[in-house]
Protein chains: 2
Amino acid sequence: MEDLNTCIREKANPMQINECRKKVTANEESFTQLSGILALAGNEVRLKILYLLDQERELCPCDLSDILGMSIPAVSQHLRKMKDSNIIEFRKEGQTIFYSLKTENLKVLQPFFNIINRMNLTPNTA
Amino acid sequence: MEDLNTCIREKANPMQINECRKKVTANEESFTQLSGILALAGNEVRLKILYLLDQERELCPCDLSDILGMSIPAVSQHLRKMKDSNIIEFRKEGQTIFYSLKTENLKVLQPFFNIINRMNLTPNTA
DNA sequence: TTTCTATTTAAGTATTTGCTTAAATAATTA
DNA sequence: TAATTATTTAAGCAAATACTTAAATAGAAA
């Protein structure tokens with residue numbers, strides 16, 4: 001009873017643990033970047049927004065609010081988060097702002113959209 | 001000044017909005033499921049754990065704690081979360097518990113691991 | 001200019017998250 | 001049996017989230 005909550009298994013493989021440590025540190029940046037994008041897409045509202053932007057090419061906060069049935073500020077704050085993380089961009093047309101996906105991140109996001117479309121292969125049961 | 005914070009654009013396309021609503025409701029379940037998995041992988045610690053489980057086939061909380069440099073209870077709670085969401089499973093060997101990825105979810109997770117591996121194509125600058 | 005429309009921003013709040021430490025389980029060994 | 005080891009669970013807490021409402025900004029139309 002000297003080092004409580006520390007668990008140093010006799011059967012542990014120090015070589016394996018060391019190799020794993022190396023892999024983690026070598027990819028540290030990738031883990032940070034990727035988990036950031038996944039965290040954004042890991043919110044149901046934002047995943048829907050991303051999916052809709054992919055489908056429609058571009059949409060404004062007003063329409064998104066209408067489609068998703070939630071307040072405009074709520075939508076706007078989600079859009080800002082994604083804009084700040086550089087996964088979406090916008091263009092102005094009068095007082096309307098159209099948001100769209102940044103093509104750079106499509107490689108990461110496209111598989112998700114494919115999954116969503118593939119998951120729902122029974123649109124009308126007829 | 002009658003319906004503040006509601007924005008009904010004249011230029012909005014009601015057809016488009018209606019189609020979008022349909023798409024969202026048709027895929028409601030997919031959005032919930034997928035965003036759940038993405039939220040799990042959207043945490044940097046958990047993404048590392050998933051990556052390591054993929055690389056090593058299976059690992060115990062003790063070794064993961066050692067590799068990641070964090071407390072065993074912290075690791076254990078992440079593992080529980082992923083076990084509860086059915087993306088990992090475990091087997092017992094004595095008092096050691098080995099966690100591994102559930103193969104069902106590999107289709108969703110594999111692209112992430114590929115991205116991590118591809119992101120780091122300059123391991124040693126020599 | 002004033003009013004209206006589209007959007008953002010700010011402030012407040014309830015909920016969730018991810019850790020900490022301490023205690024509880026459960027299998028193993030002495 | 002008691003002590004050790006591997007792990008989980010519980011309680012507590014600071015920080016992050018995601019909404020709300022109200023106010024601010026800015027372009028368009030009257």
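The figures here come from the full heavy-atom set of this structure, side chains too, leaving out hydrogens, waters and symmetry mates. Sequence lines set the chain letters: A, B, ... in the order given, protein chains first and strands last, and positions in each chain run from 1. Treat the numbers as computed from the prediction; the structure is a model and nothing was measured.
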Practice prompt. For B/K92 and for A/K83, find the nucleotide of DNA chain C with the closest heavy atom, then tell me which residue's nucleotide is more 5'.
Written response: A/K83
Discussion item. Whether the side chain of A/Q77 and the base of C/dT7 hold a donor-acceptor pair under 3.5 Å is what I'd like checked.
Written reply: no
Discussion item. With hydrogens left out and only the distance checked, is there a donor-acceptor pair under 3.5 Å joining A/Q95's side chain and the base of C/dT8?
Written reply: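 There is none.
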Discussion item. Would you say B/N43 places a side-chain N or O within less than 4.0 Å of OP1 or OP2 belonging to C/dG18?
Written reply: yes
Worksheet item: Quick one: is A/S76 getting a side-chain N or O under 4.0 Å of the C/dT8 phosphate, OP1 or OP2?
Response: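 Yes, within the criterion.
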In whole angstrom, give the distance that lies between atom [atom1] of [X] and atom [atom2] of [N].
X: B/R46; N: C/dT17; atom1: CZ; atom2: C1'; answer: 8 Å
X: B/L79; N: C/dG18; atom1: CG; atom2: P; answer: 13 Å
X: B/D66; N: D/dT7; atom1: CG; atom2: C1'; answer: 15 Å
X: A/I97; N: C/dT5; atom1: CD1; atom2: C1'; answer: 12 Å
X: A/R80; N: D/dT25; atom1: CZ; atom2: P; answer: 15 Å
X: B/L40; N: C/dT16; atom1: CG; atom2: P; answer: 15 Å
X: B/H78; N: C/dC19; atom1: NE2; atom2: C1'; answer: 8 Å
X: A/K48; N: D/dA18; atom1: NZ; atom2: C1'; answer: 14 Å

Practice prompt. Using a heavy-atom cut-off of under 4.0 Å over every strand shown, decide if B/K81 touches base, sugar-phosphate, or nothing.
Written response: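 Counting heavy atoms under 4.0 Å across all strands, the contact made by B/K81 is with sugar-phosphate only.
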Item to complete: Classify the nucleic acid contact of B/Y99 as base, sugar-phosphate or nothing, counting any heavy atom under 4.0 Å across all strands shown.
Response: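 The residue B/Y99 makes sugar-phosphate contact but no base contact.
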Worksheet, complete the sentence: When every non-hydrogen atom of A/S85 is compared with those of A/L40, the smallest separation belongs to CB-CD1, 3.4 Å
Worksheet item: So, for A/I88 and A/L79, which heavy atoms are closest and what is the spacing to 0.1 Å?
Response: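 Heavy atoms of A/I88 and A/L79 come nearest at CD1-O, 3.5 Å.
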Worksheet entry | Under-4.0 Å salt bridge between A/K23 and A/E19 | no
Practice prompt. Could you label the plane-to-plane angle of the B/Y99 and B/F90 rings as parallel, tilted or perpendicular, counting under 30° as parallel and over 60° as perpendicular?
Written response: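 B/Y99 and B/F90: tilted rings.
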Worksheet entry | Test salt bridge (Lys or Arg N to Asp or Glu O under 4.0 Å) applied to B/R91 and B/E93, step by step | CA-CA 7 Å; B/R91 72 177 179 88; B/E93 191 178 304; 2.8 Å; yes
[X] has a side chain; which of [options] sits nearest to it?
X: A/S71; options: C/dG18, D/dT21, C/dT20; result: D/dT21
X: A/A74; options: C/dT7, C/dA22, D/dC19; result: D/dC19
X: B/V45; options: C/dC19, D/dT9, D/dA18; result: C/dC19
X: A/I72; options: C/dT8, C/dA6, C/dG18; result: C/dT8
X: B/M70; options: D/dT21, C/dC19, D/dT7; result: C/dC19

Fill in: Toward the 5' end of DNA chain D, by each residue's nearest nucleotide, A/G94 or A/A39
A/A39
Worksheet item: Any chance the rings of B/F112 and A/F112 have centres within less than 6.0 Å?
Response: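 They qualify: ring centres under 6.0 Å apart.
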